[in-house]
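Just below is one structure, and these are the notes that go with it.
What you are looking at is a predicted structure, and each value in this text was computed from that prediction instead of being measured. Residue numbers run from 1 in the order of the sequence given.
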Amino acid sequence: AIWCARAIVGDEPFAILLPDELMVAQKGGGTGCMKQMVEAYNEVGGNLISVLEVPQEDVSSYGVIAPGAQVSDTLTEVTGLVEKPPVAEAPSNKIVSGRYILQPEVMRTLETQGKGAGGEIQLTDAMAKMIGTQPFHGVTFEGRRFDCGSKAGYIEANLALSLEREDLKDHIRAFAQEELAR
């Protein structure tokens with residue numbers, strides 16, 4: 001799907017926001033994920049991916065980074081990427097969380113990319129080939145992530161965000177209590 005945008009991207013860096021990952025800034029006016037990434041990009045350039053730590057037993061559902069040097073509290077060098085590794089083979093518990101700022105060279109890599117995990121052409125595999133040829137960093141997102149690619153994650157996101165809204169929280173709380181009492 002990313003390769004299909006190659007004519008639009010041209011020779012410019014570009015951002016990708018995967019729609020099944022909902023990233024929410026911290027309460028009280030926190031900074032959104034992409035804004036945090038743009039700020040990091042202005043600092044180090046190159047390729048950036050948002051990363052989050054998950055329980056080790058969950059890593060096989062995601063792209064996982066091999067972390068290198070810790071550049072700052074939220075910025076980590078990426079020395080490798082693996083798409084959906086077996087738990088025992090995962091290089092860390094830091095997953096790629098669906099937000100990217102990439103250099104246009106990834107399009108040329110995708111053009112000749114073979115099939116990877118799940119029998120699909122994986123963006124993670126193309127990015128992994130670029131490591132060592134361009135700067136590559138992970139930005140640890142300071143906020144909340146909801147995996148809306150699962151039914152439970154989608155419901156969790158709706159409930160959590162509804163409970164934060166003044167105009168909805170009382171109604172949603174009452175509805176949930178009624179449903180739990182059944």
Side-chain angles (χ1 to χ4, degrees), residues 1-2 4-5 14-41 48-67 70 72-76 78 80-102 115-125 127 137-182:
I2 303 303
C4 291
F14 62 101
I16 301 170
L17 290 78
L18 298 185
D20 60 342
E21 297 284 340
L22 179 61
M23 310 297 269
V24 180
Q26 292 180 344
K27 285 185 185 181
T31 304
C33 184
M34 190 51 67
K35 184 172 183 182
Q36 290 175 31
M37 293 183 70
V38 167
E39 289 169 357
Y41 182 83
L48 295 171
I49 53 179
S50 63
V51 298
L52 294 169
E53 290 188 27
V54 299
Q56 190 68 30
E57 62 268 15
D58 293 344
V59 295
S60 62
S61 298
Y62 303 98
V64 179
I65 72 164
Q70 192 70 35
S72 69
D73 288 346
T74 60
L75 200 57
T76 306
V78 175
L81 289 163
V82 182
E83 182 63 28
K84 298 178 180 158
V87 172
E89 297 174 22
S92 75
N93 69 333
K94 288 188 175 188
I95 65 160
V96 179
S97 56
R99 300 293 183 271
Y100 312 78
I101 297 176
L102 299 176
K115 294 180 181 180
E120 299 175 350
I121 296 173
Q122 296 289 342
L123 177 61
T124 303
D125 294 340
M127 291 186 304
H137 293 90
V139 178
T140 301
F141 172 56
E142 295 177 342
R144 297 170 66 192
R145 167 196 170 258
F146 296 95
D147 182 356
C148 295
S150 72
K151 294 172 192 170
Y154 177 77
I155 292 168
E156 289 170 1
N158 279 278
L159 281 173
L161 296 178
S162 295
L163 290 170
E164 290 180 9
R165 290 181 51 143
E166 288 299 321
D167 62 331
L168 292 176
K169 69 180 182 180
D170 293 338
H171 175 78
I172 297 300
R173 187 173 282 117
F175 173 76
Q177 288 172 344
E178 287 175 24
E179 289 300 307
L180 289 169
R182 288 180 179 227

Apply side-chain hydrogen bond (donor to acceptor under 3.5 Å, both in side chains) to Gln36 and Thr31, showing your working. CA-CA 6 Å; Gln36 290 175 31; Thr31 304; 5.3 Å; no
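- Under the 4.5 Å side-chain criterion, counting only non-hydrogen atoms from C-beta, Ile16 is in contact with Leu102.
- Atom NE2 of His137 sits about 13.0 Å away from atom CD1 of Ile101, to the nearest 0.5 Å.
- Look at Glu164 and Arg144 and you find a salt bridge, because one of the NZ, NE, NH1 or NH2 atoms lies within 4.0 Å of a carboxylate O, short of that distance.
- Distance check: Tyr100 OH to Phe14 CZ gives 10.5 Å after rounding to the nearest 0.5 Å.
- Interatomic distance, OH of Tyr41 versus CE of Met34, reported as 12.0 Å (0.5 Å rounding).
- Counting heavy atoms from C-beta outward, Ser60 and Pro86 have side chains that stay 4.5 Å or more apart.
- Taking 4.0 Å as the cut-off between side-chain N and carboxylate O, Arg99 and Glu21 do not count as a salt-bridged pair.
- Residue Val96 is tested with Ile65, Val82, Val78, Val64 for a side chain to side chain contact (heavy atoms under 4.5 Å, CB included); the sole match is Ile65.
- Put simply, the side chain of Arg173 reaches to within 4.5 Å of the side chain of Asp170, judged on heavy atoms.
- In this structure, the separation between SG on Cys148 and CG on Asn158 is 7.0 Å, given to the nearest 0.5 Å.
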Begin with the C-alpha distance, continue with both residues' side-chain angles, and end with the deciding distance and a verdict on side chain to side chain contact (heavy atoms under 4.5 Å, CB included) for Leu81 and Ile49. CA-CA 11 Å; Leu81 289 163; Ile49 53 179; 3.8 Å; yes
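- Once rounded to the nearest 0.5 Å, the distance linking CG of Leu161 with CD of Glu156 reads 11.0 Å.
- In summary, the side chains of Ser50 and Ser97 do present a donor paired with an acceptor at a separation below 3.5 Å, with no hydrogens or angles considered.
- Side-chain polar atoms of Tyr62 and Asp147 form a donor-acceptor pair below 3.5 angstrom.
- Atom CG of Asp167 has more than 12 heavy atoms from other residues, nucleotides or ligands within 6.0 Å.
- Considering CG of Leu48 and CE of Met37, their distance stands at 5.0 Å, rounded to 0.5 Å.
- Just one residue in the list Asp20, Ile155, Leu22 forms a side chain to side chain contact (heavy atoms under 4.5 Å, CB included) with Phe146, and that residue is Leu22.
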